[in-house]
K.L.:
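This structure is in structure tokens; I'll ask about it shortly.
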Number of protein chains: 2
Amino acid sequence: MTVEAPKSRYRQVADQLRQDITHGEYPPGSTLPSEAELADKMGVSRVTINRAVQILRAEGLVRVLRGRGTVVRSVPPISRHSNQRYARAIREERGARGAFDAEIRRLGLEPRSDIVQLEPVNPPEAVAKALGLGQRERVLIRKRHMYASDEPVLLATSYIPWALAERAGLTKVDTGPGGTYSRLAELGQGPVRFTEDVRARIPTDDEEAFFGLAENQQVFEIVHMSWTATDRLVEYRVDALPTFQWVLHFEWPAEAVESGSRP
Amino acid sequence: MTVEAPKSRYRQVADQLRQDITHGEYPPGSTLPSEAELADKMGVSRVTINRAVQILRAEGLVRVLRGRGTVVRSVPPISRHSNQRYARAIREERGARGAFDAEIRRLGLEPRSDIVQLEPVNPPEAVAKALGLGQRERVLIRKRHMYASDEPVLLATSYIPWALAERAGLTKVDTGPGGTYSRLAELGQGPVRFTEDVRARIPTDDEEAFFGLAENQQVFEIVHMSWTATDRLVEYRVDALPTFQWVLHFEWPAEAVESGSRP
DNA sequence: TCTTATTTGTTCGTATGTATT
DNA sequence: GAATACATACGAACAAATAAG
């Protein structure tokens, strides 16, 4: 007996469109027929088509350009190897500047990184608390927009105590070979332990604009913290990544990693 | 009426409701006014209210029960410490049976785990490939529904080569103190290295039903793999977790973790 | 068990707003 | 400016799930 799940119409439409896309009916880069056309062709209202497209957007399968149309994305998921990406050998390979560069180049894509903010500021409360700073102590904020072959893929905001950043020469746009961690290591403040807290959440307005997301899509929020041998936190960084274009990879030995003295 | 809407109506409504909830107007466990009432009160159509509620659902702020109403959730985010949770001391603490038990108990919540499937099956293609098995070799599938104080929080499906599972005594419902890994260790097949690949995606129909999700919410999909000292994969597991109620925590030393010989 | 009221889910037709070509 | 395409919004209606009687 055919116990077909009685799905709603917009879901059936979404299933149909998804199949058409993955079966090559609408190849990557092509534009779907307009919502009005689809509504006519599939015998439903345009509102229903629109709702179905929302699902495909949330899946990262299409990108919608208002006034232009709905375009099929090429979705090559990027793998972020959290452990490897902070090893010095990786960071400095092929003259790459920091972890992200090396990571993207290995995929055959062209990394680009725009620094959109680089200045001393009063840290947000959560950051000040984590860094053990008072309200009036300043931090270097370093906010970057990052692209892989012109596709926005990462939004990184790091906070480093101002005094330390100045001594390490991190107040310039170019942090030199090996990036931030190599400069910190030269001062004897190189991190020996990292922690990351991973969430997924609705994008902020900023993120929505930068990534071209809809509010039914989500982003990974990764709070990355770098600890020295004396358990001092030297970097607090927040990365935002659209969930549909990343896979986060972690690995660790069964018994070796001890919990640090800080939470 | 003070128009100047930089945001769409449904977003303003969502913002308003969110504020009302976080400010205690609607405490956890309480039921919001019906959509019709809210529509009347806020001077918008019911469809607009409904759309606003979708946003709150995606954020995990409310749970919607058709026919009954919209209930405010108590949202205590659960922290999953991926590294610690596989250490033997943690798994066996307080007589807990495996990692999940210990994890939830530490939060003062009551863990419950229902085994909904436990039998030999032909593995899915991806699983067979990862485990290095042929098409006709069977695996033990072990599918569990897991709850924290009766709230569904985790859906775990593990695959273990059948011959190994039988020898290790893992074909029973109760795997004994320390759980699966302790049994494998007793055979000299204890894992010494773990890898996890983390994605976020739209829930399947199964997951939607189990967790009570809407399709605009997402789940973490964690593919967990356990490797022995001889780089043999002994367990392939897929965990599904609603993104809004979990934070994934990882930590590792700067230079110690080497990439395994397998991808 | 059946009936009815309540509440959310879905869909349509229609209209208007906004961005792009 | 005009045409095109997606975004939002409303009112109405019916479906489906739940609760109360």
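Residue numbers begin at 1 in each chain, while the letters A, B, ... track the order of the sequences.
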K.L.:
Distance check needed: dG9(C) P versus Arg51(B) CZ, whole Å only.
P.N.:
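Value for this atom pair: 14 Å.
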
K.L.:
What's the closest nucleotide to the side chain of Tyr10(B) if the choices are dT10(C), dA5(D), dA9(D)?
P.N.:
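It is dA9(D).
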
K.L.:
Can you check the Leu65(B) CG to dA19(D) P distance for me, whole Å?
P.N.:
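Distance check: Leu65(B) CG to dA19(D) P gives 8 Å.
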
K.L.:
Measure the distance from CD on Glu35(A) to P on dT8(D) and round it to the nearest whole Å.
P.N.:
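In whole Å, dT8(D) P lies 11 Å from Glu35(A) CD.
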
K.L.:
When you check the phosphate oxygens OP1 and OP2 of dT8(C), does a side-chain N or O of Thr70(B) lie under 4.0 Å from one of them?
P.N.:
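So the side chain of Thr70(B) is within the cut-off, an N or O lying under 4.0 Å from OP1 or OP2 of dT8(C).
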
K.L.:
In whole angstrom, give the distance that lies between atom CD of Glu208(A) and atom C1' of dA7(D).
P.N.:
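Atom CD in Glu208(A) sits about 13 Å away from atom C1' in dA7(D).
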
K.L.:
Less than 6.0 angstrom separating the ring centers of Phe244(A) and Phe211(A), yes or no?
P.N.:
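They do not qualify: ring centres at least 6.0 Å apart.
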
K.L.:
Whole angstrom is fine here: how far is it from CG in Asn50(B) over to P in dA13(D)?
P.N.:
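For the pair Asn50(B) CG and dA13(D) P, the rounded distance is 19 Å.
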
K.L.:
Any side-chain N or O of Arg68(A) under 4.0 Å from OP1/OP2 of dC6(D)?
P.N.:
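No, outside the criterion.
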
K.L.:
Could you tell me how far apart Gln54(B) (CD) and dT8(D) (C1') are, to the nearest whole angstrom?
P.N.:
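Checked: the CD to C1' distance equals 15 Å.
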
K.L.:
Considering only side-chain heavy atoms of Arg9(B), which listed nucleotide, dT11(C), dA9(D), dC6(D), is closest?
P.N.:
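Per side-chain heavy atoms of Arg9(B), the pick is dA9(D).
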
K.L.:
For dT8(D), does OP1 or OP2 lie under 4.0 Å from any side-chain N or O of Thr48(B)?
P.N.:
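Thr48(B) to dT8(D) OP1/OP2: no side-chain N or O under 4.0 Å.
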
K.L.:
May I have the distance from Ile49(B) (atom CD1) to dT8(D) (atom P), rounded to whole angstrom?
P.N.:
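For the pair Ile49(B) CD1 and dT8(D) P, the rounded distance is 16 Å.
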
K.L.:
Quick one: on DNA chain D, does Pro33(A) or Val47(A) contact a more 5' nucleotide (nearest heavy atom)?
P.N.:
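Checking each residue's closest nucleotide, the 5'-ward one belongs to Pro33(A).
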
K.L.:
Could you check which of dT8(D), dT7(C), dT10(C) has an atom nearest any side-chain atom of Arg46(B)?
P.N.:
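So the side chain of Arg46(B) is nearest to dT10(C).
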
K.L.:
Within this structure, what is the NZ-to-P distance between Lys7(B) and dA9(D), rounded to whole angstrom?
P.N.:
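In whole Å, dA9(D) P and Lys7(B) NZ are 13 Å from each other.
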
K.L.:
Would you please classify the geometry between the His249(A) ring and the His81(A) ring as parallel, tilted or perpendicular, with 30° and 60° separating the classes?
P.N.:
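Tilted: the ring planes of His81(A) and His249(A) meet at 30° to 60°.
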
K.L.:
Are Asp239(B) and Arg237(B) ion-paired here, with the side-chain N under 4.0 Å from a carboxylate O?
P.N.:
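Salt bridge: yes.
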
K.L.:
Reckon Val44(B) touches a base, only the sugar-phosphate, or nothing at all at heavy-atom distances under 4.0 Å?
P.N.:
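Sugar-phosphate contact only.
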
K.L.:
Does Arg80(A) pair with Glu196(A) as a salt bridge, N-O distance under 4.0 Å?
P.N.:
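Yes, charged N to carboxylate O under 4.0 Å.
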
K.L.:
Salt-bridged, Arg144(A) to Asp114(A), with N to O below 4.0 Å?
P.N.:
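Judged by the 4.0 Å cut-off on N to carboxylate O distance, Arg144(A) and Asp114(A) do not form a salt bridge.
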
K.L.:
When we call it a touch if two heavy atoms are under 4.0 Å apart, what does Arg57(A) touch: a base, just sugar-phosphate, or nothing?
P.N.:
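The residue Arg57(A) makes sugar-phosphate contact but no base contact.
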
